[in-house]
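What follows is a single structure, written as structure tokens, with notes after it.
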2 protein chains.
Amino acid sequence: MTRQRALIAQILRTAGRHLTAEEIFQLARRSMPSIAVGTVYRNLRLMAEDGELRRIEAAGGPVRYDANLSPHGHLVCRVCGKLDDMAVPCLASYLSRCTGEDAPRYDLSVDWVCPACRRAREGGGERDSVDQLHNGSQTYNID
Amino acid sequence: MTRQRALIAQILRTAGRHLTAEEIFQLARRSMPSIAVGTVYRNLRLMAEDGELRRIEAAGGPVRYDANLSPHGHLVCRVCGKLDDMAVPCLASYLSRCTGEDAPRYDLSVDWVCPACRRAREGGGERDSVDQLHNGSQTYNID
DNA sequence: TTAAAATTAGGAATAATTCTTAAAAATATA
DNA sequence: TATATTTTTAAGAATTATTCCTAATTTTAA
């Protein structure tokens, strides 16, 4: 565990959102100006291999990294590109049965139009059902 | 619809597996030696935007393209890299409820060790339960 | 405290993809 | 059908994301 790796891990834990390698590099050099971009990539790769963080390959854009290790999917707005977390109950246990993995790692990204962009598109006014669904909790029965 | 685009669509439909842009380019130039790599990329992007084909971003490797439009996930072997299709019943309808999309497009890739690599690793011998799942209707070998 | 092993900074190299431009092809119009 | 307009193409330069290389530095082990 080097100072560089500790810094990268801390940035990701406190970010509160999904950062790209480049964003992590820019944040890291604020407190450690000598850090190299290759160091950021190498440590991100190693930590992902060790399961200390998750790689997420969201549609189109560059790879992002997530310190939240609990299984979840991602919603990608096709209008503004915003990335949201999404609970997918039961998916992990279904995949565990299919693959024989104890804790299967998956990457799920779903294309949608986020509530803000949907309202802008539809001219505002009516509240649509998407907001309620997104803020509520769904159950996913796969059996 | 140009000759180039028709060729690309036909290659993907008859491939029987998930091709990268580079593989599609190599196959295309056999019957149309003048085709340019940029043309392949542009048409793949346009066709994906139109929903005529699916982009799949499997862990690590380059983007692959899939003419199979029915919703399904992908299994990626972490040892040999082989890519298999995988049925995920109910996921599409769950995502439809969450996102408000009629036919939500998703990209699901799951990290596992395929049956062949698992046997090689464990020294062969015992049939494991993964094989049964794999040979059943859950998954089919595509790559 | 010193030796060995691992990691770093810095930059070159690579891979995948997009962009640019003039020419060719496709489509619309007369 | 001939011609004008629009779209798409080929070719390759440019860009973006990422990995690789090397000597120097840092970390770990003895």
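Heavy atoms only: backbone and side chains are in, while hydrogens, waters and symmetry mates are out. Note that the coordinates shown come from a computational prediction; the quantities given were computed from them, not determined experimentally. Lettering of chains follows the sequences in order, A, B, ..., and the numbering in each one begins at 1.
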A:I56 CD1 to A:D85 CG distance, which is reported to the nearest 0.5 Å: 7.5 Å
query: Pairs in or reaching into residues 20-65 of chain B: which pass ring-ring contact (aromatic ring centres under 6.0 Å, His included), with residues at least two apart or in two chains?
result: none
Lys/Arg N to Asp/Glu carboxylate O, B:E49 vs B:R55, below 4.0 Å: no
- prompt: Whole-Å distance between D:dT18 P and A:R64 CZ?
  reply: 11 Å
- prompt: In whole angstrom, what separates B:M47's CE from D:dT8's C1'?
  reply: 13 Å
task: Could you check which of C:dA16, D:dT18, C:dG10 has an atom nearest any side-chain atom of B:P62?
output: C:dA16
message: According to salt bridge (charged side-chain N to carboxylate O under 4.0 Å, His left out), does anything in residues 58-72 of chain A pair up with another residue at least two apart or in another chain? List the pairs.
response: A:E23-A:R64
- line: Rounded to whole Å, CD1 of B:I56 lies from P of C:dA16 at a distance of 15 Å
field: Reading 5' to 3' through nucleotides 19-30 of chain D, protein heavy-atom contacts under 4.0 Å coded B for base, S for sugar-phosphate only, - for none
entry: B-------SS--
query: Does A:V110 reach the side chain of B:R105, with side-chain heavy atoms less than 4.5 Å apart?
result: no
query: Atom CD of A:E49 to atom C1' of D:dT18: distance rounded to whole Å?
result: 14 Å
- prompt: Considering only heavy atoms, which members of residues 20-31 of chain B lie under 4.0 Å from some atom of DNA chain C?
  reply: none
field: With A:S34 via side chain to side chain contact (heavy atoms under 4.5 Å, CB included) - residues at least two apart
entry: A:M32
- prompt: Is the closest side-chain heavy-atom distance between B:L44 and B:L53 below 4.5 Å?
  reply: yes
- prompt: Nearest-Å distance, CZ (A:R5) to P (C:dA9)?
  reply: 13 Å
- request: Not counting sequence neighbours, list each pair that qualifies as a ring-ring contact (aromatic ring centres under 6.0 Å, His included) and has a residue in residues 1-23 of chain A.
  value: A:H18-A:H74
query: Quick one: B:I35 CD1 to C:dA24 P, roughly how many Å, whole number?
result: 17 Å
message: So that I can tick it off, tell me whether A:E101 and B:R78 are bridged by a salt bridge, with the cut-off set at under 4.0 angstrom between side-chain N and carboxylate O.
response: yes
query: Atom CE of B:M32 to atom P of D:dA10: distance rounded to whole Å?
result: 7 Å
- request: Would you mind reading off the distance between B:L46 atom CG and D:dT7 atom C1', rounded to a whole angstrom?
  value: 11 Å
